[in-house]
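Only one structure is covered here, and it is reproduced in the block below.
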Amino acid sequence: MSSSDYSANDHKYMARALQLAKRGIATTQPNPRVGCVIVKEDQIIAEGWHEKAGLPHAEIMALQQAGGQARGATAFVTLEPCSHYGRTPPCADALIASGISEAVIAMQDPNPLVAGQGMQKLTQAGIKVRSGLLQQQAEELNRGFVSRMTRCRPWVTVKLAASLDGRTAMSSGESQWITGSQARSDVQRLRAASSAVMTGSGTVLADDPSLTVRLDGVDWQPLRVVLDSHLSIPDNAKIFKDGQPLLIATKTAEDDDRFQQIKDLGIDIRTFPGQAGRVDSTSLLKCLAEDYSCNEVLVEAGSVVCGSLLADRLVDEIVLYLAPVVMGSAAKGLFDIPGLESMSQKIHLSVKDVRAVGQDWRFTVRPEYCM
């Protein structure tokens with residue numbers, strides 16, 4: 001259905017459902033973020049959102065609040081209600097049992113276990129179903145989940161901090177801090193909304209980062225993924241000692257002594273042999289989707305890793321924090337992409353958002369190959 005088929009109130013209620021869904025942006029992994037609003041006689045009588053994987057879904061939360069008032073009401077849901085048993089029973093069954101008369105759904109569930117079956121179940125039960133209202137916004141909210149279900153890989157965002165002259169670190173490797181405290185806090189929110197944070201061994205050796213989320217109210221940590229082709233990271237690195245989720249991705253053979261040493265430390269390590277002595281990023285991303293249920297991966301790495309991912313067309317979005325400083329021509333650049341020698345080879349980017357973050361500017365851009 002087109003937007004003209006919906007009333008102003010329909011838009012208002014679905015916008016509220018999307019607002020509720022966003023509350024789970026850092027907590028629902030690997031599940032999608034979903035909101036639900038139940039309306040009767042043009043009044044919202046109940047609201048719900050999916051708070052955390054394993055807890056009741058948005059529809060169940062709203063139905064529990066509505067109680068008997070749900071009979072004859074309309075449910076506005078940002079994602080097609082599930083029709084299968086997972087950690088929780090099917091939401092479609094609960095909506096049918098509640099006696100609602102209509103369901104307005106923003107987007108179809110891309111999960112093959114659902115994929116239209118939830119809406120079909122509601123229709124067969126005599127419930128009027130309309131779908132497509134604010135679909136683009138709903139898909140954007142769950143772009144990682146959609147990517148995992150349809151492309152068998154996570155949504156990949158590259159985060160970079162640079163000077164006004166496009167430099168990310170001094171020639172010595174020193175990079176702390178280019179941007180201000182507000183930009184660094186903003187990065188914490190990006191991490192919290194990601195299933196995994198990926199970096200390269202060069203960044204670990206230079207900065208010894210923890211790559212953890214340090215935000216009040218966030219009680220979980222994303223998987224840290226480190227590309228370490230030659231297993232050069234020492235045992236005293238922070239990521240080896242803090243006990244938080246970690247995957248070492250390497251090309252080194254499993255019978256290598258260092259491989260076994262890392263494995264004996266209780267650290268998850270896997271081999272993804274690629275060309276030119278590097279980890280095969282395509283295989284790694286597929287593994288993150290299939291074996292770790294990763295929806296979104298945030299890349300915080302140097303120019304070699306970022307350049308390789310962009311050249312391989314594996315980057316979906318770039319978030320660049322640009323600081324009002326100049327670091328000089330000897331400092332390191334944003335992307336290391338050999339072979340671009342003419343203007344016809346340049347990689348086109350589409351600007352999605354520009355805004356001030358403290359003293360810095362945040363640019364959100366997307367490669368046009370994925371538009």
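Quick caveat, the model's predicted, so the values are computed rather than measured.
Pairing each heavy atom of A193 with each of E296, the nearest pair is O-OE1, 3.0 Å. Closest of all the heavy-atom pairs between L285 and P154 is O-CD, 3.2 Å. Heavy-atom minimum distance, F259 versus T271: CE1-OG1, 3.4 Å. Taking every heavy atom of both residues into account, A92 and L122 meet most closely at O-CD2, 3.7 Å. Between A323 and I178 the shortest heavy-atom distance is CB-O, 3.3 Å. Nearest heavy atoms, A62 versus A46: O-CB, 3.2 Å.
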Chi angles and distances behind the side chain to side chain contact (heavy atoms under 4.5 Å, CB included) call for T212, K238: CA-CA 10 Å; T212 53; K238 287 179 183 177; over 6 Å; no

Steps toward side chain to side chain contact (heavy atoms under 4.5 Å, CB included) verdict (S293, R148): CA-CA 8 Å; S293 298; R148 177 162 68 91; 4.0 Å; yes

Pair K159-D186, salt bridge (charged side-chain N to carboxylate O under 4.0 Å, His left out): steps then yes or no: CA-CA 11 Å; K159 186 279 298 181; D186 199 55; over 6 Å; no

I248 and R270: CA distance, side-chain angles, deciding distance, side chain to side chain contact (heavy atoms under 4.5 Å, CB included) verdict: CA-CA 6 Å; I248 300 296; R270 298 200 185 193; over 6 Å; no

Trace of the side chain to side chain contact (heavy atoms under 4.5 Å, CB included) decision for L284 with M198: CA-CA 11 Å; L284 170 58; M198 181 188 295; 3.8 Å; yes

Side chain to side chain donor-acceptor pair (under 3.5 Å) between D264 and Q260, worked out: CA-CA 6 Å; D264 289 344; Q260 192 59 48; 3.0 Å; yes

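The residues R191 and E300 are annotated as salt-bridged, a charged nitrogen and a carboxylate oxygen being separated by less than 4.0 angstrom. Between D316 and R151 there is a salt bridge, since a side-chain N of the basic residue sits under 4.0 Å from a carboxylate O of the acidic one. The pair D360-R362 does not meet the salt-bridge criterion, since no charged nitrogen lies less than 4.0 angstrom from a carboxylate oxygen. At a threshold of 4.0 Å, the pair D256-K263 does not count as salt-bridged, since none of the basic side-chain nitrogens sits closer than that to a carboxylate oxygen. Ion pairing between a basic and an acidic side chain is recognised when a charged N comes within 4.0 Å of a carboxylate O; K22 and E51 show no such pairing. Using a 4.0 Å cut-off between charged side-chain N and carboxylate O, R143 and E317 make a salt bridge. Using a 4.0 Å cut-off between a side-chain N of Lys or Arg and a carboxylate O of Asp or Glu, E80 and R130 do not qualify as a salt bridge. Note on D93 versus K121: salt bridge recorded, some NZ/NE/NH1/NH2 to OD/OE distance being below 4.0 Å. The pair K286-D291 fails the salt-bridge criterion, with no side-chain N (NZ, NE, NH1 or NH2) lying under 4.0 Å from an Asp/Glu carboxylate O.
Looking at heavy atoms from C-beta onward, L265 lies in side-chain contact with D235 at the 4.5 angstrom threshold. Put simply, the side chain of D312 does not reach to within 4.5 Å of the side chain of L310, judged on heavy atoms. Side-chain contact between I127 and I100 is present, with heavy atoms from C-beta onward closer than 4.5 Å. Using a 4.5 Å cut-off on side-chain heavy atoms (C-beta onward), I38 and E59 make no contact. Inter-residue side-chain proximity for V365 and S350 is flagged as unmet; no heavy-atom pair is nearer than 4.5 Å. The shortest distance between side-chain heavy atoms of P112 and M149 falls below 4.5 Å. A 4.5 Å side-chain heavy-atom check between D268 and Y292 finds at least one atom pair inside the cut-off. Inter-residue side-chain proximity for V156 and V299 is flagged as met; some heavy-atom pair is nearer than 4.5 Å.
Of the candidates T252, L231, V226, L246, L231 is the only one forming a side-chain contact (heavy atoms from CB on, under 4.5 Å) with I269. The side-chain contact (heavy atoms from CB on, under 4.5 Å) with M14 is formed by just one residue from the set N9, V77, V104, I105; it is V104. Checked options L320, V315, L334, V305; the residue passing with V158 is V315 (criterion: side-chain contact (heavy atoms from CB on, under 4.5 Å)).
In this structure a side-chain-to-backbone donor-acceptor pair under 3.5 Å is missing from Q135 to Q108. Checked by atom type and distance alone, the side chain of S101 pairs as donor or acceptor with a backbone atom of G72 at under 3.5 Å. Put simply, the side chain of D228 never gets that close to the backbone of G200: no donor and acceptor are under 3.5 Å apart. Looking only at distances, a side-chain donor or acceptor of S195 sits under 3.5 Å from a matching main-chain atom of N295. Using modelled atom types, one side-chain atom of T78 and one backbone atom of G35 make a donor-acceptor pair closer than 3.5 Å. Side-chain N or O atoms of K251 include none that pairs as donor or acceptor with a backbone N or O of H230 at under 3.5 Å. Side-chain atoms of S163 come within 3.5 Å of backbone atoms of R167 as a donor-acceptor pair (strictly under, hydrogens ignored). Using modelled atom types, no side-chain atom of E47 and backbone atom of A17 make a donor-acceptor pair closer than 3.5 Å. Using modelled atom types, no side-chain atom of T364 and backbone atom of K352 make a donor-acceptor pair closer than 3.5 Å. In this structure a side-chain-to-backbone donor-acceptor pair under 3.5 Å is present from T250 to S229.
Listed by first and then second residue, the ring-ring contact (aromatic ring centres under 6.0 Å, His included) pairs involving residues 30-55 are H50-H57 (not counting sequence neighbours). Listed by first then second residue, pairs satisfying ring-ring contact (aromatic ring centres under 6.0 Å, His included) with a partner in residues 12-39 read Y13-F76, not counting sequence neighbours.
Residue-environment remark: CD (Q136) stays at or below the threshold of 12 foreign heavy atoms within 6.0 Å.
In this structure, the separation between CZ on R258 and CD on Q261 is 5.5 Å, given to the nearest 0.5 Å. Here E139 contributes atom CD and L79 contributes atom CG; the two are 10.0 Å apart, rounded to the nearest 0.5 Å.
Counted by atom type alone, S210 and R214 present one or more donor-acceptor pairs between their side chains at under 3.5 Å. No side-chain donor from either of T179 and W177 sits under 3.5 Å from a side-chain acceptor of the other.
Within the hydrophobic cluster formed by Ile, Leu, Val, Met, Phe, Trp and Tyr side chains joined at under 4.5 Å, directly or through other members, V197 is accompanied by L211.
In the hydrophobic clustering of this structure, L349 groups with V354; members are Ile, Leu, Val, Met, Phe, Trp, Tyr whose side-chain heavy atoms approach within less than 4.5 Å, directly or through other members.
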